[in-house]
Amino acid sequence: MTPNPLPAIALVTLLGCGLFSGCATQASRAPAAVTRAPGVAAPAPYPSTYRPLPATDTLIRNATVLTGTGARLDAADVLLAAGRIAAVGTSLVAPAGVVVVDGSGKWVTPGIIDVHSHLGVYPSPGVRAHSDGNEMTAPNTAEVWAEHSVWPQDPGFAAALAGGVTSMMILPGSANLIGGRSVTLRNVPARTVQEMKFPGAPYGVKMACGENPKRVYGEGRKTAPATRMGNMAGYRAAFIEARRYLDEQDRYERERARKPDAVPPERDLRSETLAGVLTGGILVHNHCYRADEMAQMLDLAHEFGFRITAFHHAVEAYKIADLLARENTCAAMWADWWGFKMEAFDGIRENIALVEAASACAIVHSDSEIGIQRLNQEAGKALAAGQRMGLALGPEQAITWLTRNPARAIGVLEQTGTLEPGKRADVVLWNRDPFSVYARAERVYVDGALVWDLADPARQPVSDFALGTTEAGGGR
Amino acid sequence: MNTRVLAACLLLAAGPACAGVIVIRGATVHTLGPAGTLAAATVILRDGRIEQVGRDLAIPDGAAVVEAAGKEVTPGLFDAYGRLGIEEVDLVEETVDSGAKGLPYSAAFSVAEAIDPRSVRLAVNRSEGITSAVVAPEAVPDATGIAPVIAGQAALLHLGTAAEPQVSTPAGFVFTYGEAGAENSGGARGMALLRLRELLDDARDYARNRAAFEAGARRDYAATRVDLEALQPLLAGRVPLLIEAQRASDILAALRVAGNYGLRSVIIGGAEAWRVADQLAHEDVPVIFDPFDNLPAAFESLDATLANAARLHAAGVAVAFVTSAHYNPRNVRQLAGNAVAHGLPYAAALAAITAVPARTFGAAATTGTLEPGRRADLVIWSGDPLETSSFAEQVFIGGELMPAQNRQTLLRERYRRLGGPLPPGYTKPPR
């Protein structure tokens, strides 16, 4: 297939993410713990060095507020203080020294969270030298970590910020059955990925169903897996290996209690990641389009005693929305992508709304450096499709697909995703109903700091790469 | 609204049977013609054409009346550069007819004959407002990485329900330039332009020396006889060269060559077109692009920006929008809405998905505006046609109401309620 002359979505779909990505999130109470390392407990490596940008306490007055908890408050105020949501309500008193922003006619929402992004690992420009999202060398590469590929100078981060995205999970691609660890980032300009890492966010692992692994290995290399049953055998073998690894660790710990000089088993990064899944600290994000395959994956999880946090690209989630609700597994979906590959042939516009209507956890994700810039519109289209078929939905539900539910899936809901007092002040001020095609994010706050201001070029970050190569601003 | 008359027309599925007279009353009508936008207007369709658009028009006897107060009406939307009808599932190769590899043909290759009017993708997009489509070929490299310098002929497709597709071809010839074009010609932009010039020289020479060619008395040409023959409408300026290019300097270089041969040009892609907007306006070259493309996706599009549409329009360049995803031309109206949010006047945004592509491909006398005599290709929208919350309520092509049902609506109805006594497989439309 030749490159599309119109680069963005189609090209990304075919070369980068759509075909080679996938994920799932988990709605567990996810401890921040990582995997157990052999030997003495060491601090988690590659720690976050994120520090909030300087913030000024801010009171946004008289706006329509979607709290992300399912509520809509009209003519309401939101107070950001010391980097946290301090209060949400009507007629709040402005503390001394607070910056007051008039929100009349405007809307306030929690910062948008994209549960499925490849920013940084498939950055712009999309040259081969930048293609760092798919370790396409073996069907199980659970040992690789997406954060080791992230290029913080991807101009896409600032463009996403202009669309109100304050946090996102960066995943490896979907060429492999098990593609590696994901990383959750704060969307702030940074020199290193460590400066973006969301403090305390649990790791995820990317798994992929269906066409991609069998095409890359079976069709492309004549090695396993070549079929969907081969895919399943591959996951099972990987988790058997991980279980064995955990058992060896346990055996060693017991032995060490008796014999201080016991020899620890050899460290294995690949099994470490999957052992983290089995012990619950690492959340499973599973690229999986078809309803029947999602059901297979849920049974796989039962066989090995782990949970699947979320299915990503769940184009057929509407067919098993009841099952997803029962299993407490989220579905991360596009509003209207379909038909670009066989397993996407049954996509419908009502997918997201039907998952919501079944009381399952619905998420709108992007998987695209273009789509991430207007997730609000994608949710708007999904909302309209649901309303058109007669479902009782409004903006107060639709916002949960962009904030609360992805926060839950990533494992950071206690910290962000809703406008509840005490949470991080990740907030967007929109110039109108955010689900409108005409909506723009006027101000974006991360931890209470104004990180994007539509009216002030001084508050519009520009990446190193964009510097001197373009006249377009950071929001492009 | 007189749904029965319309429904009857639909069931009969015969243009002439429904031809009669249909009146759409009370809507805000965006004519995209000299009449501009009319509030509470009436549109009268007769025998598949637009008879009148205006306020306070008399309703002809026996007309089927669609009450559309509170609705908005636009011309049918264009897929200005896509693959409707020749691509069903991108990654299922046997459903894709956009290009062939390893054969010597180029300009003579037409996508028109492969078009399947019963395509699922086509039907889904049609019921959401797409009524015309430019179907474009792509240059596919052979085993050595070389592709024809002209990919082939684009076709203009009318999306009615007739079993035999209504297609006109050639609607243009595709020349892939820029990074992809360089790659297709061994890795250098100059080589792509060299091959283009050689091909055009040969086509011109061939046209002047057909008899000598047939007698074997001409030098060797860089293309086959059928290709050289096919290029004549391009050399005559009857159809445009569709130049796929992003970088400002690439646009200018390709236009220079096209200009030397007197060709009409259209820029496809044009991420940096705004940088050469004055030249494009001066030479009356339209730009067809996806206004979402705002990232430096490649070194050829470093200056991509959401302001592209507004800047081109302000300079006097005709802009048309196309979705990068071939499966979703229905989203062109979202592109147009975003362009408005980034400074493009509303009327120009509507024109970018209707009148401009019609004019660009020589169909302005037929479709793209709501003016008397034009084919009755139009959409009744639930509200602002560019807004995410709006949807196409009724789509007419040639005065015929298009089916609202498609594979996606059938799937939705099948899975609307889970947990019934029988498996979903028993839920299907009545025969």
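Here is the naming used below: chain letters follow the sequence lines, and residue numbers restart at 1 for every chain.
Among A:A357, A:P123, A:P155, the residue making the largest number of heavy-atom pairs under 4.5 Å with chain B is A:P155. Chosen from A:H130, A:Q377, A:M342, the residue pairing most often with chain B at heavy-atom distances under 4.5 Å is A:Q377. With chain A as the partner, the residue from B:N331, B:V340, B:D384, B:V92 showing the most heavy-atom pairs under 4.5 Å is B:N331. By number of non-hydrogen pairs under 4.5 angstrom with chain B, the leading residue of A:N431, A:D336, A:T469, A:L383 is A:D336. Put simply, of A:G347, A:A335, A:A466, A:A382, the one with the most heavy-atom pairs under 4.5 Å next to chain B is A:G347. Per-residue counts of heavy-atom pairs under 4.5 Å with chain A were compared for B:E88, B:R275, B:R330; the largest is that of B:R330. Of the listed residues (B:T95, B:L302, B:T409), the one with the most heavy-atom contacts under 4.5 Å to chain A is B:L302. Note: B:E128 leads B:E128, B:R333, B:E183, B:E93 in heavy-atom pairs under 4.5 Å with chain A.
In this structure, the side chain of B:R416 engages the main chain of A:M389 through a donor-acceptor pair within 3.5 Å. A distance-only check finds a donor-acceptor pair linking the side chain of B:T388 to the backbone of A:F435 [under 3.5 Å].
For chain A, the nearby part of B:V124 is the side chain; its heavy atoms alone come within less than 4.5 Å. When heavy atoms are compared at a cutoff of 4.5 Å, B:N338 approaches chain A by way of both its backbone and its side chain. Heavy-atom distances place the side chain of B:L418, and not its backbone, under 4.5 Å from chain A. No part of A:Q387 comes within reach of chain B, as not one of its non-hydrogen atoms sits under 4.5 angstrom from that chain. In this structure, chain B has heavy atoms under 4.5 Å from both the backbone and the side chain of A:A321. With a 4.5 Å cut-off on non-hydrogen atoms, A:E350 touches chain B through its side chain but not through its backbone.
A:I370 CD1 to B:D293 CG: the interatomic distance, rounded to the nearest 0.5 Å, is 5.5 Å. A distance of 9.0 Å separates CZ of A:F345 from CD of B:Q408, quoted to the nearest 0.5 Å. Note that CZ of B:R412 and CG of A:N351 are 13.0 Å apart. Values are rounded to the nearest 0.5 Å. Rounded to the nearest 0.5 Å, atoms OH (B:Y415) and CG (A:D322) are 11.0 Å apart. Rounding to the nearest 0.5 Å gives a distance of 4.0 Å between CD of A:Q373 and CG of B:N294. Atom CD of B:E272 and atom CD of A:E471 lie 10.0 Å apart (nearest 0.5 Å).
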A:E378 vs B:Q334, side chain to side chain contact (heavy atoms under 4.5 Å, CB included): CA-CA, chis, key distance, verdict | CA-CA 10 Å; A:E378 298 308 296; B:Q334 187 189 4; 3.2 Å; yes
Run the numbers on B:R414 and A:K319 for side chain to side chain contact (heavy atoms under 4.5 Å, CB included), then give the verdict.
-> CA-CA 9 Å; B:R414 168 169 284 189; A:K319 297 184 182 181; over 6 Å; no
Kindly determine whether A:I348 and B:R407 satisfy side chain to side chain contact (heavy atoms under 4.5 Å, CB included), including the steps that lead there.
-> CA-CA 9 Å; A:I348 65 172; B:R407 192 165 178 280; over 6 Å; no
Go through the steps for A:F340 and B:H326 under the test side chain to side chain contact (heavy atoms under 4.5 Å, CB included), then give the verdict.
-> CA-CA 8 Å; A:F340 45 89; B:H326 294 126; over 6 Å; no
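For the pair B:P296 and A:R476, the tightest heavy-atom approach, listed with the atom from each and the gap, is CD-CZ, 3.5 Å. Of all heavy-atom pairs spanning B:L91 and A:R215, the tightest one is CD1-NH1, 3.6 Å. Annotation for B:S389 and A:A384: closest pair CA-CB, 3.7 Å, computed over non-hydrogen atoms. Summarising the geometry of B:E387 relative to A:S436, their closest heavy-atom pair is OE2-OG, 2.7 Å, with the distance given to 0.1 Å. A:S124 and B:L295 get closest at one heavy-atom pair: OG-CB, 3.9 Å.
With a 6.0 Å cutoff to the six-membered ring centre and a 45° limit on the axis angle, A:R349 does not count as a cation-pi contact of B:F391.
Ring geometry, A:F465 versus B:F299: the interplanar angle exceeds 60°, so the pair is classed perpendicular (tilted spans 30 to 60°).
Put simply, the side chain of A:W338 reaches to within 4.5 Å of the side chain of B:R121, judged on heavy atoms.
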